[in-house]
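Ligands are counted one by one from 1 in listed order, and the atoms in each one are counted from 1 as well.
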Amino acid sequence: MTQGRRSIHGQWSSRWAFVMAAAGSAIGLGNIWRFPYLTGENGGAAFVLVYLAAVAVVGLPVMMAEVMLGRRGRQSPINTMRALAAEEGHSPLWQYLGWMGMLAGFLILSFYAIVGGWTVAYVVRTAGGVFNGMAPKATGDVFDGLVGDPERLLAWFTVFMLMTTAVVSRGVRGGLEQANKVMMPALFLILVVLVGYAMGNGKFTDALAYLFTPDFSRLTAASVLAAMGQAFFSLSLGMGAIMAYGSYLSEHASIPRTTLQVAGMDTLVALLAGVAIFPLVFAYGFEPQQGPGLVFKVLPAAFGQMPGGRLVGTLFFVLLTFAAWTSSISLLEPIVAWLVENRGHSRIRAAALAGTLAWALGLGPLLSLNAWSGYTLFGKNLFDLVEYVTANVMLPLGGLLIAIFAGWWLSRTASVEELGLGDGLAYRTWRVLIRYVTPVAVLIVLLNVTGLL
Ligand code: TRP
């Protein structure tokens, strides 16, 4: 019987605390850094449209499934999968879904914390007035200078990893919940201010046309995969982060309602980020296909020109730091929860251990941006490769298996009970999506891009 099962790590103090924490996990660099640069690389509106479809058809049902499994298992993803499989009389092999998630978490963190380090570095730079009055193109050189210097990069990366580890070491309520409750509302506010600025000072209509008038001839199999991968990445799905957060959720909270709110906020923030950034991209003469440096090159150009730009810019990078921080803690949490459950470590010890390991793993991607930039595989350096493989392969694969478990292996009674929708149209829609639509869609996209289909 699952009712009354408790997580040893504690529980969110309210439904709202979960919504903030899950939104904190979802809303991050994925929305403000990755979404704009992918949109730029993949030709704009057609990519945005496929992304929105992927969120609705694949992302939302999988998010409901992850929260549901987590709340039923009440443990770290590995142990949750093992417990639920046993309970339903299935193979213990399902725990490997949790193991793959743990690996994906480490790998994502290894490049995510590097970008997190950039955000902290940029707080210091904007606050110090480095960009004041600087010619737009020169801000690009500042970014290239940072990325090309392994020592400075290492310092900021280490700072960010320490920040992440510190929050996770304080536990679910004292760490995760507190951090999210403060940072998330603040993030939303500053984003609205920036959209306002872009409307007044950027090429706003050009940006809207770029973002919302699709040219489907620019859509390739690769960009469809990128859009789907981005849906998983942005919603924090496919590796167990949302599953772990679900394991701390009260049994009285409605899963459909909370997940709808989280996915809605995440999508809104991505679109707002696009609407804030592209008017400035065009106004300052940048190319949309800048790659990962886009936000870090373009926005400082705007901050350097606008009145009060030093303040607004500092605020922006503080909030980008917050967004990255509340997400990175969710990458570390499932690993730390597992270490506490299975190795009997204290939370502090577990966080230190996991943080150190992730830090060591990040050294490869970090050096691949400068000292080792000559070494590439499939035309990508290690940083790009890890980002590509986790987002476009590991997360969709994890999501596919989660969908199959929740839709086919978990008993119908169990999912009816957890979702609390009764057996009506809403429940049946979810069930069709999770059993058929999600697995088929993910498979088609994966097979298509590998050329197998
Ligand atoms: N969703 C976060 C972002 O958009 C990144 C993230 C946090 C994540 N936890 C995750 C991505 C788990 C995949 C899986 O920045």
Seminar exercise, completed: Of all protein heavy atoms, the one nearest atom 6 (C) of ligand 1 is Ser236 OG, 3.5 Å
For this session: Check ligand 1 against Leu331 and write out every atom of the ligand that is under 4.0 Å from a heavy-atom position of the residue.
Result: 7 (C), 8 (C), 9 (N), 10 (C), 12 (C)
Exercise. What atoms of ligand 1 come within less than 4.0 Å of a heavy atom belonging to Ser330?
Worked result: 7 (C), 9 (N)
Exercise. Going by the angle between their ring planes, with limits at 30° and 60°, are Trp409 and His90 parallel, tilted or perpendicular?
Worked result: perpendicular
Problem set entry | Side chain proximity check, Leu366 to Trp156, heavy atoms < 4.5 angstrom | no
Seminar exercise, completed: ligand 1 atoms nearer than 4.0 angstrom to some heavy atom of Ala241 are 12 (C)
Problem set entry | Within-cut-off N or O pair, Ile27 and ligand 1, under 3.5 Å | no
Problem set entry | Any N/O pair Phe232/ligand 1 closer than 3.5 Å | no
For this session: May I ask you to establish whether Arg15 and Phe18 are in a cation-pi arrangement, using a distance under 6.0 Å from NZ or CZ to the six-membered ring centre and at most 45° from the ring axis?
Result: no
For this session: Hey, can you tell me if Trp118 and Phe143 have their rings parallel, tilted or perpendicular (30° and 60° cut-offs)?
Result: perpendicular
Exercise. For ligand 1, is any non-hydrogen atom under 4.0 Å from Asp266's backbone (N, CA, C, O), its side chain (CB onward), both, or neither?
Worked result: neither
Problem set entry | Distance from atom 14 (C) of ligand 1 to nearest protein heavy atom, with residue and atom | Met239 CG, 3.2 Å
For this session: Report the relative orientation of the aromatic rings in Phe47 and Tyr51; use parallel for angles under 30°, tilted for 30 to 60°, perpendicular for over 60°.
Result: parallel
For this session: With heavy atoms of Leu395 as the reference, note each atom of ligand 1 found under 4.0 Å away.
Result: 13 (C)
Exercise. Tell me, which protein residue and heavy-atom name are nearest atom 4 (O) of ligand 1, and how many Å apart are they?
Worked result: Ala26 O, 2.9 Å
For this session: Provide, to 0.1 Å, the distance between atom 11 (C) of ligand 1 and the closest protein heavy atom, together with that atom's residue and name.
Result: Phe233 O, 3.2 Å
For this session: Taking the six-membered ring of Phe286 (Phe, Tyr or Trp), confirm whether the NZ or CZ of Lys297 is under 6.0 Å from its centre and within 45° of its axis.
Result: no
For this session: Going by the salt bridge (Lys or Arg N to Asp or Glu O under 4.0 Å) test, name the single residue among Glu66, Glu418, Glu251 that passes it with Arg71.
Result: Glu418
Exercise. Any nitrogen or oxygen of Leu29, main chain or side chain, under 3.5 Å from a nitrogen or oxygen of ligand 1?
Worked result: yes
Exercise. For Ser250 and Trp12, does a side-chain donor sit closer than 3.5 Å to a side-chain acceptor?
Worked result: no
Seminar exercise, completed: Under 4.0 Å from one or more heavy atoms of Gly28, ligand 1 contributes atoms 3 (C), 4 (O), 15 (O)
Exercise. Taking the inter-plane angle between the rings of Phe316 and Phe303 on a 0 to 90° scale, is it parallel (under 30°), tilted (30 to 60°) or perpendicular (over 60°)?
Worked result: tilted
Exercise. Tyr112 near ligand 1, heavy-atom distance under 4.0 Å?
Worked result: yes
Exercise. Would a 4.5 Å heavy-atom cut-off, applied to side chains only, mark Leu401 and Trp94 as touching?
Worked result: yes
Exercise. Counting each atom of ligand 1 from 1 as listed, which ones have a heavy atom of Ile108 under 4.0 Å away?
Worked result: 13 (C)
Seminar exercise, completed: Of all protein heavy atoms, the one nearest atom 2 (C) of ligand 1 is Ser25 O, 3.1 Å
